[in-house]
Amino acid sequence: MNILSPDKSNILLKKYHISNHVLIPGLLLSYGIDKCKIENKLIHNTINYANIINIGYHSYFSTSAIISDYIKPKYLSNFVRTSSLGLHAVAICGLCKYFKK
């Protein structure tokens with residue numbers, strides 16, 4: 001299993017499809033907790049972090065599938081995959097830091 005090409009792993013593909021069913025309910029749950037003004041920060045942050053990681057994983061997996069389909073030269077594909085992993089990691093960390101405040 002290669003972290004740079006998750007779309008070629010059956011295990012990660014199954015996790016991608018399973019977690020797909022949690023995207024919209026997770027966002028609605030986060031929205032509902034925010035609107036109800038629930039003061040428990042642990043619950044609120046846990047749900048937000050879970051949503052951020054889930055959306056980040058879906059975005060990275062989808063981007064990897066697009067790279068597999070459209071970028072054929074191996075050296076260019078590896079560069080774009082590494083850049084994608086780094087940018088997704090920075091985005092996930094940035095959003096987690098934003099919601100921590």
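Note that these values count all heavy atoms, side chains included, but never hydrogens, waters or copies made by symmetry. These figures come from a predicted structure and were not determined experimentally.
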Colleague: If you draw a 6.0 Å radius around NZ in K97, do more than 12 non-hydrogen atoms from other residues or ligands fall strictly inside?
Modeller: no

Colleague: How close do T46 and L42 get, counting heavy atoms only, and between which atoms?
Modeller: OG1-O, 2.6 Å

Colleague: Does the side chain of Y57 come within less than 4.5 Å of H88's, by heavy atoms?
Modeller: no

Colleague: State whether a side-chain donor-acceptor pair under 3.5 Å links S64 with R81.
Modeller: yes

Colleague: Considering all heavy atoms of both residues, which atom of Y60 and which atom of S84 are nearest to each other, and what is their separation?
Modeller: CD1-OG, 3.7 Å

Colleague: Does atom CG of L28 have more than 12 heavy-atom neighbours, drawn from other residues, nucleotides or ligands, at distances under 6.0 Å?
Modeller: yes

Colleague: Do I92 and I55 come within less than 4.5 Å of each other through their side chains, counting heavy atoms only?
Modeller: no

Colleague: Can you tell me how far the CG atom of N51 sits from the CD1 atom of I24, to the nearest 0.5 Å?
Modeller: 11.5 Å

Colleague: Tell me if a side-chain donor or acceptor on K8 pairs with a main-chain N or O of L4 at a distance below 3.5 Å.
Modeller: no

Colleague: Can you tell me how far apart CG (L87) and OG (S59) are? Round to the nearest 0.5 Å.
Modeller: 10.0 Å

Colleague: List the steps, then state whether side chain to side chain donor-acceptor pair (under 3.5 Å) holds for H44 with N48.
Modeller: CA-CA 6 Å; H44 198 265; N48 282 334; 3.2 Å; yes

Colleague: Using 30° and 60° as the class boundaries, would you call the ring planes of Y16 and F61 parallel, tilted or perpendicular?
Modeller: parallel

Colleague: Checking side-chain contact (heavy atoms from CB on, under 4.5 Å) for the pair I47/I33: CA distance, chi angles, key distance, verdict?
Modeller: CA-CA 9 Å; I47 292 171; I33 287 175; 3.1 Å; yes

Colleague: Given 3.5 Å as the limit, does a donor-acceptor pair link the side chain of S30 with the main chain of G26, or not?
Modeller: no

Colleague: Would the distance check show the side chain of S83 and the main-chain N or O of F79 forming a donor-acceptor pair, the cut-off being under 3.5 Å?
Modeller: yes

Colleague: Evaluate side-chain contact (heavy atoms from CB on, under 4.5 Å) for S9 paired with N2, printing each intermediate quantity in order.
Modeller: CA-CA 8 Å; S9 169; N2 188 357; over 6 Å; no

